[in-house]
S.K.: 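Take this structure first; my questions come after.
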Amino acid sequence: MKYLQRQHALDQNVAFNSLLMSEFFLCLQQWRVEELGQSGDDWIRLIVPMSIRDISDRRQTATNRATIVQVDRRKRDFENPTGFLPRLDREIAIIRDW
């Protein structure tokens, strides 16, 4: 799958994890509509674990500081798949920078 390669993420100037997450959202939406016959108008929520380690944690040997983040999307978010990836990547970057 060429579109899921790291080089594609670099070409799009997005994080590889954002690329994977966007593809997962799009596949979930397609599956819900085509296979389950749902309207797809309700929310899809992904719970994403994120590391919150920072530079001050580097001297600690086995510190694992993490949190979870909810990322929600609706049908209208999937109507423009090419714009979906950059918006999702920007949102994840903002959360990560907090």
Side-chain angles (χ1 to χ4, degrees):
M1 289 188 209
K2 181 179 192 292
Y3 58 89
L4 290 180
Q5 294 177 352
R6 291 186 188 274
Q7 186 59 48
H8 182 67
L10 291 172
D11 294 343
Q12 297 294 316
N13 198 29
V14 298
F16 184 61
N17 284 343
S18 297
L19 175 64
L20 294 175
M21 191 183 315
S22 72
E23 289 298 320
F24 186 62
F25 265 123
L26 293 169
C27 288
L28 270 177
Q29 178 68 3
Q30 182 179 359
W31 174 71
R32 287 170 18 147
V33 172
E34 293 177 7
E35 299 296 325
L36 300 180
Q38 296 178 351
S39 66
D41 291 333
D42 55 341
W43 291 90
I44 296 177
R45 172 174 287 162
L46 291 183
I47 306 296
V48 182
M50 293 183 81
S51 173
I52 55 173
R53 288 185 64 146
D54 61 17
I55 196 74
S56 65
D57 297 320
R58 72 175 184 263
R59 297 196 189 277
Q60 297 179 9
T61 55
T63 300
N64 184 16
R65 294 180 59 213
T67 189
I68 59 170
V69 175
Q70 295 177 178
V71 182
D72 299 328
R73 290 295 180 270
R74 293 184 73 169
K75 181 180 179 179
R76 68 172 180 241
D77 296 316
F78 307 118
E79 292 171 355
N80 179 9
T82 57
F84 179 65
L85 174 58
R87 286 191 314 272
L88 181 64
D89 185 64
R90 188 170 38 253
E91 180 179 342
I92 296 300
I94 290 169
I95 294 168
R96 190 175 38 244
D97 289 343
W98 282 351

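Here the structure is a predicted model, which is why all the values come from computation and not from measurement.
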S.K.: For the CG atom of Asp72 and the CZ atom of Arg45, what is their distance to the nearest 0.5 Å?
M.R.: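 CZ of Arg45 is found 4.0 Å from CG of Asp72.
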S.K.: I need the Phe16 CZ to His8 NE2 distance, nearest 0.5 Å.
M.R.: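 Result: 10.5 Å between the selected atoms.
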S.K.: Hey, which of Arg32, Arg76, Lys75, Arg73 is the one that makes salt bridge (Lys or Arg N to Asp or Glu O under 4.0 Å) with Asp42?
M.R.: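 Going through the options one by one, the only one that passes is Arg32.
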S.K.: Does some side-chain heavy atom of Gln7 sit less than 4.5 Å from a side-chain heavy atom of Leu10?
M.R.: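 The answer is yes, as the side chains (C-beta and beyond) meet within the 4.5 Å cut-off.
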S.K.: For residues Asp77 and Arg87, report the shortest heavy-atom separation together with the two atoms involved.
M.R.: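 Asp77 and Arg87 have their closest heavy atoms at O-NH2, 3.2 Å.
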S.K.: Give, for atom CZ of Arg6 and atom CG of Leu20, the distance between the pair rounded to the nearest 0.5 Å.
M.R.: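 Interatomic distance, Arg6 CZ to Leu20 CG, rounded to 0.5 Å: 8.0 Å.
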S.K.: Under 3.5 Å, side chain of Asp97 to main-chain N/O of Ile94, donor-acceptor pair present?
M.R.: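 Checking the backbone N and O of Ile94 against the side chain of Asp97, no donor-acceptor pair under 3.5 Å is found.
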S.K.: Are side-chain heavy atoms of Val48 and Asn17 found at a separation under 4.5 Å?
M.R.: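 Side-chain contact under 4.5 Å: no.
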S.K.: Do Phe24 and Leu28 touch side chain to side chain, with heavy atoms closer than 4.5 Å?
M.R.: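 Result yes, sub-4.5 Å side-chain heavy-atom pair found.
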S.K.: Linking I/L/V/M/F/W/Y whenever any side-chain heavy atoms sit under 4.5 Å apart, do Met21 and Met50 land together?
M.R.: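 Cluster IDs for Met21 and Met50 match.
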S.K.: Mind telling me whether Phe78 and Phe25 have parallel, tilted or perpendicular rings, with 30° and 60° as the class edges?
M.R.: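 Tilted.
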S.K.: Which heavy atom of Asn13 sits nearest to which heavy atom of Asp89, and what is that distance?
M.R.: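 Scanning both residues, the minimum pair turns out to be O-OD2, 4.0 Å.
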S.K.: Check whether Ile44 and Ile92 end up in the same hydrophobic cluster, where Ile, Leu, Val, Met, Phe, Trp and Tyr are linked by side-chain heavy atoms less than 4.5 Å apart.
M.R.: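 Ile44 and Ile92: one cluster.
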S.K.: Are Trp43 and Leu26 linked, directly or through intermediate hydrophobic residues, by side-chain heavy-atom contacts shorter than 4.5 Å (ILVMFWY only)?
M.R.: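 No: no chain of side-chain contacts under 4.5 Å links Leu26 to Trp43.
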S.K.: Start with the C-alpha gap between Arg96 and Val69, add the side-chain angles, then the distance that decides, and say whether side-chain contact (heavy atoms from CB on, under 4.5 Å) holds.
M.R.: CA-CA 10 Å; Arg96 190 175 38 244; Val69 175; over 6 Å; no
S.K.: For Ile47, I'd like to know if atom CD1 has over 12 heavy atoms of other residues, nucleotides or ligands within 6.0 Å.
M.R.: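 Atom CD1 in Ile47 is crowded, with more than 12 foreign heavy atoms closer than 6.0 Å.
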S.K.: Give me the atom names and distance for the closest heavy-atom approach of Leu88 to Ser18.
M.R.: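 Scanning both residues completely, I find the closest heavy atoms to be CD2-O, 3.8 Å.
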